[in-house]
Amino acid sequence: MIKALIGVFLYFLGLLGYNGTLRRMGVSPYLAWITAMLVQILMLYIFAMTGNLNLGIQLVTYFGIGLLILWFGLSFWHRGRLKFEGIHLFDFWMVGLGLATGQVLLNSPLVHYDNFSHWAVMVKFMTFTGHLPGAADKLISFTSYPPATALFITQFVHWAGFSDGTMLLGQFILIWGAAYAIFAGLRDRSRALTGFALCFTLAISFVFNVAIRLNNLLVDYVLPIITIAALVGIFAYRKRPRLLCAHTALFVAVLLLVKNSATFFVVMIGIYFLYILITNSQGHWYRRLIETPIRLLGTLLIAALPFMWWEWHVKHTFTVSKHQISTQAYAKQLNGESHQALFKIGHKFLEQILSLNSLSTKGILLINVVLIIAWFVIRLRAHRPNKLLGMVLLLDLVFIAYYGSLFGMYILSMPYAEAILLDGFERYMASIVILNLFIAAIALVRAIDQSLFEQNFQKRNTQAFRSAATKNMYQVSTLVTGFFAITMMYSEITGTKFTNKMNHNTLPLQIQRISKPWSHLNHKKVLIVDPEAVDVNDYYAGYVGRYYYFTDQAIGQENFMMTPKAFKKTLATYDYVAIPETHRTFTVLTQKVYHQHVVTGLFKITPHGLKRLH
């Protein structure tokens, strides 16, 4: 415990070093946390790709600590001091509820299927082997998945200790750091109403993430939260071209290394980046005509280099890789689908997006209704022009484009059996709903700020209202928004606790009760005896066993309707057998063959019987 606390302390000292350095280079204090994390991810990526991950984790962290010591020393000579940005109400909200959420996640188990098929097992692999998987490492199935979030979490658990909870806490730190960036979009951060409105939006965003929640290592929430941080940064640095280009290159580079499906979000960032370059360029028209495309293409090319390196790595390391980007594979998939099959998928897709039972559809309607009502009130009641109606049209275009890309994924990348069920639809749609929710919220709070009676920030005080009625309305709105911001976030915390409690008897927790996890990569054959046929048929039992026992040869089995001779022969092909839950048939056969009464536990298989290990 003490070792873990010291490790976490060292990690945060390193993070503070990068944060302070970036702020001195002009990075916004609200963007500095996530920027510092992404810089470290790219540094770790270089070390990992050159086979020096463990060394890289040490050097990257200690370099940050060195930077912190440097700036601390210079402060004695009154050099390099940072301007104090002040403390606002949203800072207390972020710190208080962030600590509460982190504490719950630290005590949360991993249960979701995809944690064991890739995300958690990837972190465990890099933590205990110190390198990226190679062709001989059969434990990792989805070898084409880029490693950005896994690298960040691996760095954190290197210092904090490896467990389900520390992995979840590591990812939450990344998410919370990106979430803090949204406050860079405020015009006046001293206004409690607009600050709490963004806190409320952040809390609401977890409602649309309910299919995954924060107690999973999947990146469906990571993608939109890093994207909104990228977009806010582009806006914040619009008058500073060098910082603007560096910021865009960094965020695009890391997004591409989070997941292959980040392409849509990268395109959004690229379009907005181009818009900012065009609208904020200076000088003669011919100079702008030359500089703008050079900055655009140069920035995006630099941003694409790490991903191109990854694609080269995958192609030259693995002969076949699941989910690898391949135009030939897409063409083959499309040619293999009949027109009737495509029509059925399309019909099911339309039914889903038009259904009011769809959570994503409700989210889209919520965004539209809130922005339209806000436009109406600000324009016709406050008599202030605003761009909220245009924002509605823009976000709807983004939704339509995303629908198109998602439908393309179903017909190009998924087998018909999964595509016709729209497998993971709400999970995939949650990402774009969350992103557009943040965009809409930032546009809304800026419009609210611009509609306030006093536009001079220095003159804003308790007297700077049009009338006593408007002052009273502002104060009540602030209290209500703040109350719901706290309540909604607390609801997410209690919801996670409830989910953890409901998962008490799931397979991963049952395995935890019968044995300790293995941390040495091995090729032992482990049989997972699971009475739930569905866990075996969809390979869930096998993936959980592979993760927990750190072997590429864990297999789940439910059916033991066989003769005692066949039973003994079957067990002889394995090294160990794990029985997380009572399996009546297995118990009866063990009694007949080995004259042992076996119920649950982890056993070593010997010619004469089962030897209990834990």
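Sequential numbering from 1 along the given sequence is applied to the chain's residues.
Looking only at side-chain heavy atoms (C-beta outward), Gln171 and Val123 stay at 4.5 Å or farther from each other. For the pair Pro146/Val258, no side-chain contact is recorded, criterion being any heavy-atom separation below 4.5 Å from C-beta on.
Among Leu422, Asp423, Asp220, the one residue that satisfies the side-chain contact (heavy atoms from CB on, under 4.5 Å) test with Tyr428 is Asp220. The one candidate from Tyr30, Phe196, Phe90 that meets the ring pair (Phe, Tyr, Trp, His ring centres under 6.0 Å) condition with Phe183 is Phe90.
Side-chain polar atoms of Ser205 and Tyr221 form a donor-acceptor pair below 3.5 angstrom. For Asn368 and Asp396, the side-chain atoms include at least one donor-acceptor pair closer than 3.5 Å. If you check the side chains of Thr101 and Glu492, you find no donor sitting under 3.5 Å from an acceptor.
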Item to check | Derivation of the side-chain hydrogen bond (donor to acceptor under 3.5 Å, both in side chains) call for Tyr402 and Ser431 | outcome: CA-CA 10 Å; Tyr402 192 81; Ser431 295; 4.9 Å; no

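Nearest approach of Phe156 to Gly170, heavy atoms of both residues: CD2-CA, 3.6 Å. Closest approach of Ala181 to Leu31, counting heavy atoms only: CB-CD2, 3.5 Å.
Aromatic ring orientation, Phe425 versus Tyr403: parallel (interplanar angle below 30°, classes split at 30° and 60°).
Ion pairing between a basic and an acidic side chain is recognised when a charged N comes within 4.0 Å of a carboxylate O; Arg191 and Asp188 show such pairing.
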